[in-house]
Amino acid sequence: MDPKHVVTIDDIREAAKMIDGQVVRTPVHKSGPLSDLTGAEIFLKLETLQQTGSFKDRGALVKLTSLTEDQKTNGVIAMSAGNHAQGVAYHAKRLGIPATIVMPEGTPFTKVARTQAHGARVILHGDNINAAEPFAQELAAKENLTFVHPYADPYIVAGQGTIALELLADIPDLDVIVVPIGGGGVIGGIATAAKAIKPSIKIIGVEAALYPSMYQIIHGMEPKMGGDTIAEGIAVKTPGEINIEIAKRLVDDFLLVDEPSLEAAVQTMLETGKIVTEGAGAAPLAAVLNQSRRFAGKKVGLIVCGSNIDSRILAGVLMRGMVRAQRLVRIRVLIKDAPGVLAQVTQHIGRTGGNIVEVQHQRMFFDVPVKNAELDIMVETRDSDHVQEILTRLNAAGFKTKLLSDYAD
């Protein structure tokens with residue numbers, strides 16, 4: 001297939017035949033709790049349940065199946081932040097094809113380890129996907145490897161489009177599909193298939209605000225992006241040309257979501273939706289939460305594209321979410337530096353139902369009288385009302401108390 005081939009619904013249907021029985025036909029889950037929260041009927045296409053935890057299994061297999069015998073013998077090379085890497089590595093191993101993966105140096109450890117576990121040679125290079133690409137291309141030419149692009153390839157786009165075939169087969173009366181955008185492969189494939197099957201359906205693309213590459217191209221803006229994002233899977237500076245063309249024709253709107261919104265969506269997906277997802281996979285929910293009126297009353301399909309979030313990042317997101325919601329706060333209490341006073345303070349907190357996580361008893365480093373001390377106490381609470389109850393009780397008992405939570409208004 002020519003690299004500039006315009007992908008069609010027939011290509012996507014052919015791709016569906018190629019992957020049948022070799023990738024997971026992922027379920028579509030209607031989330032009652034997320035529907036209640038957003039006011040829309042929320043349907044989750046759970047690509048998190050693929051063998052490698054992401055939709056990338058689809059396009060990778062279609063591309064690898066298309067190779068000649070000589071290409072399969074020589075091997076393949078790919079550059080990826082992690083999910084495409086795992087998809088290529090996994091299916092290459094199944095098909096007996098040697099695989100080399102170039103990954104950005106900041107790729108989460110879990111994605112590097114899982115890629116290596118599939119038998120691929122992993123090389124870390126560059127600070128993002130686009131920086132890794134020239135190096136991967138040079139290595140491909142030097143070692144006579146076939147380059148498997150993560151998104152700018154018609155076979156990849158056709159493979160990702162199979163998601164829409166399944167989604168609309170399961171929920172044919174969807175009004176909207178919300179899709180994360182990185183290089184544009186998945187939205188290119190989904191838009192092509194969905195619009196061919198149901199021309200009236202709306203396709204909404206979502207990008208991380210730090211990497212609004214497709215948004216800027218579509219709106220004729222000067223490219224300007226960069227920074228650390230939790231959605232590293234869609235942190236792409238240059239979308240594929242074939243995907244830009246599809247997006248211009250078939251995508252109805254492009255939304256941007258900032259880092260706090262992405263973090264909140266990861267937390268909401270886990271706590272409310274009971275689904276573990278990475279930042280890119282939570283981007284569609286972030287967009288719906290940010291513009292709930294726009295989606296209210298509609299049947300909305302969210303492409304939950306991957307679950308490969310680093311455990312440390314996930315833990316940090318959850319703890320920061322508790323701080324933002326004032327379910328975990330720091331308070332400072334001025335006390336007399338005398339025996340038994342600390343016990344009185346903790347008793348007051350305990351009687352309100354607050355759970356003390358940590359106490360720092362400071363005598364030396366604050367500007368307080370020598371006979372006094374300050375307590376910095378981390379408390380787990382139910383909500384902001386509970387925080388006020390604790391503060392009110394302590395102040396009423398004669399202990400001067402204030403909130404130190406980093407995210408307090």
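- A distance-only check finds no donor-acceptor pair linking the side chain of N74 to the backbone of L145 [under 3.5 Å].
- Within a 6.0 Å radius of CG in D228, no more than 12 heavy atoms belonging to other residues, nucleotides or ligands are found.
- Considering only heavy atoms from C-beta on, E133 comes within 4.5 Å of F147 through its side chain.
- Heavy-atom contacts from other residues, nucleotides or ligands closer than 6.0 Å to CZ of R312 number 12 or fewer.
- Inter-residue side-chain proximity for E207 and S213 is flagged as met; some heavy-atom pair is nearer than 4.5 Å.
- Here the closest non-hydrogen pair linking V88 and A60 is N-CB, 3.7 Å.
- Expressed to the nearest 0.5 Å, how far CD1 of I234 lies from CD1 of I187 amounts to 10.5 Å.
- Note that the CD atom of Q160 and the CD1 atom of I303 stand 11.0 Å from one another [nearest 0.5 Å].
- Ion pairing of E259 with R320 is absent here, as no side-chain N (NZ or NE/NH1/NH2) approaches a carboxylate O to less than 4.0 Å.
- Residues A194 and A164 share a closest heavy-atom pair of N-CB, 4.1 Å.
- Here the closest non-hydrogen pair linking E263 and V317 is O-CG1, 3.4 Å.
- Residues Q50 and V23 approach most closely at OE1-CB, 3.8 Å, considering heavy atoms.
- Checking each of R294, Q291, K202 against D253 for a side chain to side chain donor-acceptor pair (under 3.5 Å) leaves exactly one that passes, namely R294.
- One side chain, H91 or R94, offers a donor N or O that lies under 3.5 Å from an acceptor on the other.
- Taking CE from M269 and OG from S31, the interatomic distance works out to 8.0 Å, rounded to the nearest 0.5 Å.
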Verify side-chain contact (heavy atoms from CB on, under 4.5 Å) between L334 and K402, making sure each step is shown before the conclusion.
CA-CA 9 Å; L334 180 65; K402 62 181 178 180; over 6 Å; no
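- Considering all non-hydrogen atoms of both residues, F399 and H348 come closest at CE1-CD2, 3.9 Å.
- Remark: the backbone N or O of Q326 is paired with a side-chain donor or acceptor of T381 at under 3.5 angstrom.
- With a 4.5 Å cut-off on side-chain heavy atoms, V179 and I163 do not count as touching.
- You'll find the side chain of L403 reaches within 4.5 Å of the side chain of V329, heavy atoms only.
- In this structure a side-chain-to-backbone donor-acceptor pair under 3.5 Å is missing from Y155 to L61.
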Working for side chain to side chain donor-acceptor pair (under 3.5 Å), residues T73 and D70
CA-CA 5 Å; T73 299; D70 284 345; 5.3 Å; no
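- With rounding to the nearest 0.5 Å, the separation of OH in Y151 from NE2 in H84 is 10.0 Å.
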Derivation of the side-chain contact (heavy atoms from CB on, under 4.5 Å) call for I331 and I349
CA-CA 11 Å; I331 60 174; I349 295 172; 4.1 Å; yes
Checking side-chain contact (heavy atoms from CB on, under 4.5 Å) for the pair N83/T52: CA distance, chi angles, key distance, verdict?
CA-CA 7 Å; N83 289 337; T52 65; over 6 Å; no
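- Classification of the F254-H219 ring pair by plane angle, with boundaries at 30° and 60°, yields perpendicular.
- The CG atom of D153 sits 6.5 Å away from atom CD1 of I242, with the distance rounded to the nearest 0.5 Å.
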Before giving the answer on salt bridge (charged side-chain N to carboxylate O under 4.0 Å, His left out), spell out for K56 and E278 the whole-Å C-alpha distance, their side-chain angles and the decisive distance to 0.1 Å.
CA-CA 14 Å; K56 293 287 190 176; E278 59 196 81; over 6 Å; no
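- Under the 4.0 Å criterion applied to side-chain N and carboxylate O atoms, R393 and E389 are not assigned as salt-bridge partners.
- At least one donor-acceptor pair under 3.5 Å links the side chain of Q216 to the backbone N or O of K224.
- No donor-acceptor pair under 3.5 Å is formed between the side chain of E47 and the backbone N or O of T26.
- You'll find the side chain of I246 reaches within 4.5 Å of the side chain of V157, heavy atoms only.
- Panel note: side chain S80, backbone A85; a donor-acceptor pair is recorded below 3.5 Å.
- Atoms CD1 and CG, from I177 and L167 in turn, are 5.0 Å apart once rounded to the nearest 0.5 Å.
- Within the 4.5 Å cutoff, the side chain of F295 has heavy atoms near those of the V178 side chain.
- Using a 4.5 Å heavy-atom cutoff, the side chains of V276 and T48 are not in contact.
- Partner of R121 under the side-chain contact (heavy atoms from CB on, under 4.5 Å) criterion, chosen from I101, T100, T115: T100.
- Taking each heavy atom of A169 and R25 in turn, the nearest pair found is CB-NH2, 3.9 Å.
- Between S54 and C305, every side-chain heavy-atom pair lies at or beyond the 4.5 Å cut-off.
- Counting only distance, with no hydrogens or angles, the side chain of D11 and the backbone of T8 share a donor-acceptor pair below 3.5 Å.
- N395 contributes a side-chain N or O that, together with a main-chain N or O of T401, makes up a donor-acceptor pair within less than 3.5 Å.
- Checking side-chain atoms of K198 against main-chain N and O of L174 turns up a donor-acceptor pair under 3.5 Å.
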Chi angles and distances behind the side-chain contact (heavy atoms from CB on, under 4.5 Å) call for V62, T162
CA-CA 11 Å; V62 173; T162 60; 5.9 Å; no
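- Judged purely by atom type and a 3.5 angstrom limit, S307 has no side-chain atom pairing as donor or acceptor with the backbone of T277.
- With respect to K248 and E245, no salt bridge is recorded, no charged nitrogen being found less than 4.0 Å from a carboxylate O.
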